Amino acid sequence: MSDMTSPQPPTKARPALLRHLPLIVIVAIAILGFFTLRDYLTFETLRENRELLLGWRDSHYLLMALGFAAVYVTIVAFSLPGAAVASVTGGFLFGLAAGTALNVAAATLGATAIFLAARWGLGKTLTARLEASEGTLRRLKDGLRENEISVLLLLRLVPAVPFFVANLLPALVGVKFRNFVWTTAVGIIPGAIVFTWIGVGLGAVFDRGESPDLSLLWEPHILGPLLGLSALAALPIVIKAVRGKGV
């Protein structure tokens, strides 16, 4: 009698695929969104719908705030175009205080979602390899662990670091989840205030037939304080390096 035993399914491949699925979905939606949404999530769209949005805000404030936050979380979590527009919209609709709070909360939740997706998938594999590494990789890993909070704050405070990079990189090198969350929430506050403040004056800009000038972020009076905060965040790293050299 011949052996009719059927081949065993690849049990290891399926869990691996499931772990990577959230990040695969995020990347796929990000690519799709880049080509389909970039012409819609714009200041021009906001200008055309300003009266409608303000009317909804005035009649259903809480629902509008929750809806705005949900849209912002989705934009960040899937790295969709329009994050800057969303931040400015927060100030336009809800003012400086409430707008900043909504922007920070939504951006932090969105960043946390993409962090977890990357951590469960590719991040788990890379972290395991870093833990088993030697030589230069091990020194880099140990250096990151020793200065984890300072590095995370720098990623948020330095304007040149893209937001999605600051979300993905920590997940891939195995930083602590709680440190990622609180440094994200704190580190994005300065930039969130600037974007929200621009939004507060957006109505007057629209009335003049103009569009918001986001190049304001690179003005010395804005960039200077951000770089100053970045220097403060980097200070513990510098001090440890100097002490390590025995200076």
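Computed over heavy atoms, backbone and side chain alike; hydrogens, waters and symmetry mates excluded. Fair warning: this is a prediction, and the values are worked out from it, not measured in the lab. Heads up: numbering here begins at 1 and tracks the sequence.
- For the side-chain hydrogen bond (donor to acceptor under 3.5 Å, both in side chains) test, no residue two or more places apart in sequence or in another chain qualifies with W197.
- In this structure, L154 CG and N147 CG are separated by 9.5 Å, a value rounded to the nearest 0.5 Å.
- Between the side chains of N103 and T196, a donor-acceptor pair is found at a separation under 3.5 Å.
- Taking both residues in full, the closest heavy atoms of P81 and I75 are given as O-CG2, 4.2 Å, listed atom of the first, atom of the second, then distance.
- Atom CZ of R57 sits about 14.0 Å away from atom CG of L62, to the nearest 0.5 Å.
- Heavy-atom minimum distance, M64 versus L53: CE-CD2, 3.5 Å.
- In terms of the ring pair (Phe, Tyr, Trp, His ring centres under 6.0 Å) criterion, F92 has no residue partners (sequence neighbours excluded).
- For the atom pair OG1 (T45) and CG (L37), the distance works out to 10.5 Å, reported to the nearest 0.5 Å.
- The hydrophobic clustering, which links ILVMFWY residues whose side-chain heavy atoms are closer than 4.5 Å, places F206 and L54 together.
- Legend: residues meeting ring pair (Phe, Tyr, Trp, His ring centres under 6.0 Å) with F94, ordered by chain and number and at least two apart, are Y61, F68.
- The number of heavy-atom neighbours closer than 6.0 Å to CZ of F164, taken from other residues, nucleotides and ligands shown, is 12 or below.
- The nearest pair of heavy atoms linking T100 to I193 is CG2-CG1, 3.9 Å.
- Under a hydrophobic clustering in which Ile, Leu, Val, Met, Phe, Trp and Tyr are joined whenever their side-chain heavy atoms come within less than 4.5 Å, directly or via other members, V25 and L32 fall into different clusters.
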Does the side-chain contact (heavy atoms from CB on, under 4.5 Å) test come out yes or no for S79 and F34, once each step is laid out? CA-CA 9 Å; S79 299; F34 176 79; over 6 Å; no

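- Closest heavy-atom contact between L46 and L202: CD2-CD2, 3.3 Å.
- Listed by chain and number, the residues in a side-chain contact (heavy atoms from CB on, under 4.5 Å) with R208 are A204, V205, E210 (sequence neighbours excluded).
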If you apply the rule side-chain contact (heavy atoms from CB on, under 4.5 Å), what do you find for L93 with W56, and how did you get there? CA-CA 10 Å; L93 291 176; W56 285 350; over 6 Å; no

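- Not one N or O on the side chain of R156 forms a donor-acceptor pair closer than 3.5 Å with the backbone of I189.
- F115 has its side chain out of reach of N167: every pair of non-hydrogen atoms, C-beta onward, lies at least 4.5 Å apart.
- There is a path of hydrophobic side-chain contacts, each under 4.5 Å, that joins L96 to I198.
- For Y72 and T89, the side-chain atoms include no donor-acceptor pair closer than 3.5 Å.
- S150 OG to L157 CG: the interatomic distance, rounded to the nearest 0.5 Å, is 10.5 Å.
- Using a 4.5 Å cut-off between side-chain heavy atoms of Ile, Leu, Val, Met, Phe, Trp and Tyr, with links allowed through other members, I188 and V73 fall into different hydrophobic clusters.
- Note that the CD atom of E148 and the CZ atom of F180 stand 11.0 Å from one another [nearest 0.5 Å].
- Rounded to the nearest 0.5 Å, atoms CG (L168) and CD1 (I26) are 8.0 Å apart.
- Cluster annotation: V76 is not connected to L66 through the hydrophobic network of ILVMFWY side chains, with a link wherever side-chain heavy atoms come within less than 4.5 Å.
- Between A171 and A118 the shortest heavy-atom distance is CB-CB, 3.7 Å.
- Every side-chain contact (heavy atoms from CB on, under 4.5 Å) that V181 has, sequence neighbours left out, goes to T108, T112, F177.
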Derivation and outcome, side-chain contact (heavy atoms from CB on, under 4.5 Å), residues V104 and T184: CA-CA 9 Å; V104 170; T184 296; over 6 Å; no

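- Evaluation of the side-chain hydrogen bond (donor to acceptor under 3.5 Å, both in side chains) rule for E44 yields R47 as partners, not counting sequence neighbours.
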